[in-house]
There are 2 protein chains.
Amino acid sequence: MDYADCPVRIAIDILSSSWNAWLILEIHKGIVRPCDLQRSISIAPKRVLTKQLGELEKIGILEKKIYPVLPLKVEYYLTDQGKELIPIIEKLREWGDKHKNVFLENTAFK
Amino acid sequence: MDYADCPVRIAIDILSSSWNAWLILEIHKGIVRPCDLQRSISIAPKRVLTKQLGELEKIGILEKKIYPVLPLKVEYYLTDQGKELIPIIEKLREWGDKHKNVFLENTAFK
DNA sequence: TTAAATAGGGATAAACTTATCACCCGGTGA
DNA sequence: TCACCGGGTGATAAGTTTATCCCTATTTAA
């Protein structure tokens, strides 16, 4: 029984890796095309977002829809298990909002 | 407004870094002394646990009690804001339990 | 007096993640 | 024709995190 198989770690690893949480929130808000996501998360490198989108699709959190039209059109949607992450992320946000002060104070001069 | 100041990221960063989530759960279960924590999370290096305990204390998630007795006795307890992480971790565990199969299938041969 | 347990720290190495850069292709509008 | 948009990739550099190793100090038990 590896530590990596721990259900808690699985969830945390997904949410914590690079831009995943942000991506999931943006897609939930209705920004579903790669180019639009790249614009709305403009500080993230394009290459990294592409990689993460692929990763999130592979593990069943996003569903990729490819429209056979030209110019090529691609959209990503949250699967059911992806949608179930939304309330969790909101809880994380609530917690962070409530406690960010203590946190920022004590990390400024570490 | 830095990405690192995002409330969601603050919470995720805390939970994701090395052994924090596990430590928080163990302390919540009543394992409160450093030496006992090192035994119960035996695959984690002692040095790392010490560091994380100090870090979690600094950001106000743990409270450190030093008993002026000999042999030296130290205990860590969850603060109120630390306790508020417990239900969130439980949600993460539920999610992970529910979806670990899809996850493990698609990461085994990446 | 020696060993073990308690709590902790400094310095460096190893590992992992993320970012960067330069590309690919197909199509469209000027 | 040329530049640009949309979607995407491979290879490597850079950066961060974790782990490793080896110390400190004090007290009790053998």
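The chains referred to below are lettered A, B, ... by the order of the sequence lines, with proteins before strands, and numbering in each begins at 1.
- Taking each heavy atom of B/I27 and B/Y77 in turn, the nearest pair found is CG2-CA, 4.1 Å.
- A salt bridge links A/K98 and B/E84; the closest N-O separation between the charged side-chain nitrogens and carboxylate oxygens is under 4.0 Å.
- Contact check for B/K100 versus A/D5: no side-chain heavy atoms found under the 4.5 Å cut-off.
- Expressed to the nearest 0.5 Å, how far CD1 of B/I86 lies from NE2 of B/H28 amounts to 4.5 Å.
- Distance check, rounded to the nearest 0.5 Å: CD1 of B/I14 to CD of B/E55 gives 9.0 Å.
- A distance-only check finds no donor-acceptor pair linking the side chain of B/W95 to the backbone of A/I10 [under 3.5 Å].
- Near DNA chain C, defined here as any heavy-atom distance below 4.0 Å, the residues from residues 8-27 of chain A are A/S17, A/S18, A/W19, listed numerically.
- Contact detail for B/L92 and A/A11: the closest heavy-atom pair is O-CB, 3.5 Å.
- A salt bridge does not link B/K65 to B/E63: none of the charged side-chain nitrogens sits closer than 4.0 Å to a carboxylate oxygen.
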Pairs under 3.5 angstrom, nitrogen or oxygen only, protein versus nucleotides 13-15 of chain C, please.
none

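- Residues B/Y67 and B/E75 have side chains that bring a donor and an acceptor to within less than 3.5 angstrom of each other.
- Separating the CD atom of B/Q52 from the C1' atom of C/dG8 is a distance of 15 Å, rounded to the nearest angstrom.
- At least one donor-acceptor pair closer than 3.5 Å links the side chain of B/R9 to the backbone N or O of A/S16.
- In this structure, the CG atom of B/L49 is 12 Å from the P atom of C/dA7, given to the nearest Å.
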What N/O pairs connect the protein and nucleotides 3-9 of chain D at under 3.5 Å? Give each pair on its own line.
unit_1: D/dG6; atom_1: O3'; unit_2: A/R33; atom_2: NH2; d: 3.1
unit_1: D/dG7; atom_1: OP1; unit_2: A/R33; atom_2: NE; d: 3.4
unit_1: D/dG7; atom_1: OP1; unit_2: A/R33; atom_2: NH2; d: 3.2
unit_1: D/dG7; atom_1: OP1; unit_2: A/V74; atom_2: N; d: 3.4
unit_1: D/dG7; atom_1: OP2; unit_2: A/C35; atom_2: N; d: 2.8
unit_1: D/dG8; atom_1: OP1; unit_2: A/K64; atom_2: NZ; d: 2.4
unit_1: D/dG8; atom_1: N7; unit_2: A/K46; atom_2: NZ; d: 2.4
unit_1: D/dG8; atom_1: O6; unit_2: A/K46; atom_2: NZ; d: 3.1

